[in-house]
Amino acid sequence: ISLNENEEAFEKLINLQSLDLSNNFVKSLKNRNFKNLKILRTLNLSMNQLSKIEKNSFKNLLNLVKLDLGKNCLFRLDPQLFSNLKLLRELYLNSNELKFLDASIFENLTSLTQLDLSSNKLYSLHPNLFGSMLNLRVLKLSQNFIKEINENLFQATKSLRDLFFDNNYLENLNKAL
């Protein structure tokens with residue numbers, strides 16, 4: 001699928017609440033791809049070949065509660081990519097090529113309850129990465145290259161119930177947990 005050739009392919013689908021584009025060959029997202037999907041609640045872009053997402057691609061998806069970007073080729077995410085997704089509850093970024101996450105990337109995701117960052121290439125996590133995630137219940141960080149956990153990393157995640165940190169490179173658990 002080439003969403004780039006027809007940037008407004010979904011323009012007239014203003015009542016769409018769920019869009020599943022999984023298991024295709026989408027390589028990039030443009031700012032205008034989803035611009036009129038204002039009541040969209042679920043967007044599944046997993047199992048594509050996504051390597052580039054323009055920073056305003058999700059800007060108008062104000063009612064989105066679930067976003068699946070898992071199993072793609074993402075190596076970098078713009079710090080403002082998710083800034084308008086205040087109602088987002090589930091975010092799947094698993095099985096990508098992410099090595100680094102900006103400290104502010106999840107800043108406005110205060111409704112998030114589930115975050116999957118497993119099977120990436122993360123070496124470290126900024127101490128304030130999860131600072132605004134007061135409702136986070138499930139966090140998956142399995143199969144990365146993380147060597148240490150900063151003692152402030154989980155300070156704000158008081159609702160956290162399930163933490164998956166297996167298959168990393170942790171050496172010691174000082175005051176982290």
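- Although no hydrogens or angles enter the test, the distance criterion places no donor-acceptor pair under 3.5 Å between the side chain of N120 and the main chain of L122.
- Within the 4.5 Å cutoff, side-chain heavy atoms of F10 are placed close to those of L21.
- Although no hydrogens or angles enter the test, the distance criterion places a donor-acceptor pair under 3.5 Å between the side chain of K158 and the main chain of Q155.
- A donor-acceptor contact shorter than 3.5 Å is absent between the side chain of S46 and the backbone of K71.
- The main-chain N or O of L134 is found under 3.5 Å from a side-chain atom of S159 such that the two form a donor-acceptor pair.
- Taking OG1 of T110 as the start and CG of L85 as the end, the distance is 11.0 Å to the nearest 0.5 Å.
- For D166, the side chain to side chain donor-acceptor pair (under 3.5 Å) partners at least two apart in sequence or on another chain are S142.
- You'll find the side chain of E107 stays beyond 4.5 Å of the side chain of Q80, heavy atoms only.
- Hydrophobic clustering (side-chain heavy atoms under 4.5 Å, transitive across Ile, Leu, Val, Met, Phe, Trp, Tyr) groups L153 together with L139.
- The two atoms that bring S18 and L40 nearest to each other are N-CD1, 3.5 Å, heavy atoms only.
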All N/O donor-acceptor pairs, side-chain side in residues 58-69, below 3.5 Å, sequence neighbours left out:
from : atom 1 : to  : atom 2 : distance (Å)
N60  : ND2    : K35 : O      : 3.1
N63  : ND2    : K38 : O      : 2.8
D68  : OD1    : G70 : N      : 2.9

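- When all heavy atoms are compared, the tightest approach of L129 to D102 is CD1-O, 3.5 Å.
- Taking CD1 of I149 as the start and CG of L141 as the end, the distance is 8.5 Å to the nearest 0.5 Å.
- In the hydrophobic clustering of ILVMFWY residues, with side-chain heavy atoms under 4.5 Å counting as a link, L45 and F75 come out apart.
- Here the side chain of N24 pairs no donor or acceptor atom with the backbone of N48 at under 3.5 angstrom.
- Using a 4.5 Å heavy-atom cutoff, the side chains of L13 and N36 are not in contact.
- Side chains of Y169 and E171: a donor-acceptor N/O pair is absent below 3.5 angstrom, by distance only.
- Although no hydrogens or angles enter the test, the distance criterion places a donor-acceptor pair under 3.5 Å between the side chain of N72 and the main chain of L50.
- K147 meets the salt bridge (Lys or Arg N to Asp or Glu O under 4.0 Å) test with no other residue; sequence neighbours excluded.
- Residues satisfying the salt bridge (Lys or Arg N to Asp or Glu O under 4.0 Å) criterion with E11, sequence neighbours excluded, are absent altogether.
- Q143 approaches S119 most closely through the heavy-atom pair OE1-OG, 2.7 Å.
- Residues that satisfy the side-chain contact (heavy atoms from CB on, under 4.5 Å) test with T157, not counting sequence neighbours, are F130, M133, L136, F154, L160.
- Connection of L19 to L81 is established within a shared hydrophobic cluster, with ILVMFWY side chains joined at heavy-atom distances below 4.5 Å, either directly or through further cluster members.
- Distance check, rounded to the nearest 0.5 Å: CG of L91 to CG of L112 gives 6.0 Å.
- Considering CG of N96 and OG of S118, their distance stands at 10.0 Å, rounded to 0.5 Å.
- Cluster membership check: V138 does not share its hydrophobic cluster with L101, using side-chain heavy-atom separations under 4.5 Å among Ile, Leu, Val, Met, Phe, Trp and Tyr.
- Using a 4.5 Å heavy-atom threshold, the side chains of F82 and L93 count as touching.
- The main-chain N or O of N84 is never found under 3.5 Å from a side-chain atom of N108 such that the two would form a donor-acceptor pair.
- Closest heavy-atom contact between K30 and S57: O-OG, 3.3 Å.
- Other residues, nucleotides and ligands place no more than 12 heavy atoms under 6.0 Å from the NZ atom of K55.
- Considering CG of N56 and OG of S83, their distance stands at 7.5 Å, rounded to 0.5 Å.
- With rounding to the nearest 0.5 Å, the separation of NZ in K99 from CG in L74 is 14.0 Å.
- For the residue pair A156 and G131, the shortest heavy atom distance occurs at CB-O, 3.1 Å.
- Residue L115 is not grouped with residue L87 when hydrophobic side chains (ILVMFWY) are merged at heavy-atom distances under 4.5 angstrom, including chains of intermediate members.
- Across all non-hydrogen atoms, the minimal contact from N33 to S28 is OD1-O, 4.4 Å.
- Remark: Y123 engages F145 in a ring-ring contact (aromatic ring centres under 6.0 Å, His included) (not counting sequence neighbours).
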